[in-house]
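The structure under discussion appears below in the form of structure tokens.
Chain naming here is simple, since letters A, B, ... match the order of the sequence lines and numbering starts at 1 in each.
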Protein chains: 2
Amino acid sequence: MPTPSRTSLVAIVAAGRRLIESEGLTGLAMRRVADEVEVQPPSLYKHVTGRSELIKLIVEDVVGDLRSSLNAAVTGSDPRADLVALAEAFRRFAHENPGAYALIFTPLPEKSRPDPTLLTKAGDQVLRTAEALAGAEHALEAARTITAWAHGFVAMELAGAFRMGGNIDEAFTFGAERLGEALDSR
Amino acid sequence: MPTPSRTSLVAIVAAGRRLIESEGLTGLAMRRVADEVEVQPPSLYKHVTGRSELIKLIVEDVVGDLRSSLNAAVTGSDPRADLVALAEAFRRFAHENPGAYALIFTPLPEKSRPDPTLLTKAGDQVLRTAEALAGAEHALEAARTITAWAHGFVAMELAGAFRMGGNIDEAFTFGAERLGEALDSR
DNA sequence: ACCTGAACACCGTTCAAGT
DNA sequence: ACCTGAACACCGTTCAAGT
């Protein structure tokens, strides 16, 4: 007689994401995930091919949430204002999900990398704002400049790399505004 | 009778850095480092307090090399040209040391983080160029904008996050030039 | 069809014993 | 003073056996 599942993929991914958030990638041990969903470790392999794939699923979950946050941030009125709103939403998301966020742009083994189309979708709002600002011919380059700066900023922040004093919030606003000016070709 | 050391801290750090470069942080196993320097694993602990500290020493080694590369890149003639030269040197370094580079701005446990003063020294050249460009009152913010963008760009590149086509080299040059314009307050 | 216990091949690290 | 072998407490993963 078939036994009903005692856990589920969503429960496993959620548990894994919690573990990563609280203790980083090292804390993501299959045995601990199993504990969290109240199952023996080998049972996890009925839902997931292995730890690498679980990491991938967690990253994809995070990327989906990031996309929602970015989409919710823009108003569509003024591209310069939208750029600032996107940057702030991006940073807020990273601050609220530092452990999971760190995985998005970290060099992971092929098996743990998120589906590229998900990353593309998450970046779509930035691309549209970049196009409104910089024009169609420079849209992609402008979007990459914005994303690179925003990611680099929060990555350094989360890694504790800003150690020379000064106001971090102001530095972020400074960057967002200067980038808005620099990319505006209207 | 005292036994002469069969290995050394520099040999251990070099071996560790090689392992990280070829197989990432996961490849940095104490047993494999021990193999590389031809010693039994427990002997490593006479030179290093543990794996965490070894990671820290490796990161500090890399940061020192990055600093040298950046210092060698500037000519001091024109700040805009220096900014481009710094950005290119930064990116070249990351491409040549992708495994080790990834560690610099990754969120590491406290015990593995590099000495903050080393990071400061590595960033000093960028700070000076930023000051020449943006003026003393905005030097730190400008330096952070430049560094964030450059790091974000190569981090995304190394993570394989640029998947929408387009020319990556041109996107980098585009960003460097626009940033130069945006930060120039002379 | 899903879960389990036992097992395998790995880890980092400790420590008493050797030279 | 440094190195070693043996051991401990962990990993991820596999697999035959249970229900």
Show which side-chain atoms of residues 36-45 of chain A pair as donor or acceptor with protein atoms under 3.5 Å away, not counting sequence neighbours.
{"unit_1": "Glu36(A)", "atom_1": "OE1", "unit_2": "Arg18(A)", "atom_2": "NH1", "d": "2.6"}
{"unit_1": "Ser43(A)", "atom_1": "OG", "unit_2": "Gln40(A)", "atom_2": "O", "d": "3.4"}

Does any part of the side chain of Ile146(B), heavy atoms only, come nearer than 4.5 Å to the side chain of Leu86(B), both counted from C-beta?
no
Using a cut-off of strictly less than 4.0 Å between a heavy atom of the residue and any atom of DNA chain D, enumerate the qualifying residues of residues 29-42 of chain A by number.
Ala29(A), Met30(A), Arg31(A), Pro42(A)
Please work out the stems of DNA chain C from pairs that are Watson-Crick or G-U wobble with both distances under 3.5 Å, keeping only runs of three or more consecutive pairs.
C:4-8 with D:12-16, C:12-16 with D:4-8
Sorted by chain and residue number, the side chain to side chain contact (heavy atoms under 4.5 Å, CB included) partners of Ala182(A) (sequence neighbours excluded) come out as Arg178(B), Ala182(B)
Indicate every side-chain donor-acceptor pair of residues 99-108 of chain B with a distance under 3.5 Å to a residue at least two apart or in another chain.
{"unit_1": "Tyr101(B)", "atom_1": "OH", "unit_2": "His151(B)", "atom_2": "ND1", "d": "2.7"}
{"unit_1": "Thr106(B)", "atom_1": "OG1", "unit_2": "Ala102(B)", "atom_2": "O", "d": "3.4"}

Does anything in residues 44-55 of chain A come within less than 4.0 Å of DNA chain D? Heavy atoms only, and list the residues if so.
Tyr45(A), Gly50(A), Arg51(A)
Within the structure, does a side-chain N or O atom of Ser43(B) lie under 4.0 Å from either OP1 or OP2 of dC2(D)?
no
Classify Thr7(A) by what it touches in the nucleic acid, base, sugar-phosphate, or nothing, heavy-atom distance under 4.0 Å.
sugar-phosphate
Qualifying residues under side chain to side chain contact (heavy atoms under 4.5 Å, CB included), relative to Arg128(B), sequence neighbours excluded
Asp124(B), Gln125(B)
In this structure, how many angstroms lie between the C1' atom of dC2(C) and the CG atom of Leu9(A), rounded?
15 Å
Tell me, which pairs form a side-chain hydrogen bond (donor to acceptor under 3.5 Å, both in side chains) where one or both residues lie in residues 24-34 of chain B, sequence neighbours left out?
Glu23(B)-Arg32(B)
May I have all residue pairs that pass salt bridge (Lys or Arg N to Asp or Glu O under 4.0 Å) and include part of residues 154-163 of chain B, sequence neighbours excluded?
Arg91(B)-Glu157(B)
Return all side-chain donor-acceptor pairs below 3.5 angstrom for residues 53-63 of chain A, not counting sequence neighbours, or 'none' if the list is empty.
{"unit_1": "Glu53(A)", "atom_1": "OE1", "unit_2": "Thr49(A)", "atom_2": "N", "d": "2.9"}
{"unit_1": "Glu60(A)", "atom_1": "OE2", "unit_2": "Asp115(A)", "atom_2": "N", "d": "2.9"}
{"unit_1": "Asp61(A)", "atom_1": "OD2", "unit_2": "Arg17(A)", "atom_2": "NH1", "d": "2.8"}

Quick test of your reading: applying side-chain hydrogen bond (donor to acceptor under 3.5 Å, both in side chains), list the pairs with at least one residue in residues 141-150 of chain A, sequence neighbours left out, ordered by first then second residue.
His138(A)-Glu141(A)
Nearest-Å distance, CD1 (Ile12(B)) to C1' (dC2(D))?
12 Å
Not counting sequence neighbours, which residues clear side chain to side chain contact (heavy atoms under 4.5 Å, CB included) with Ser68(B)? List them please.
none
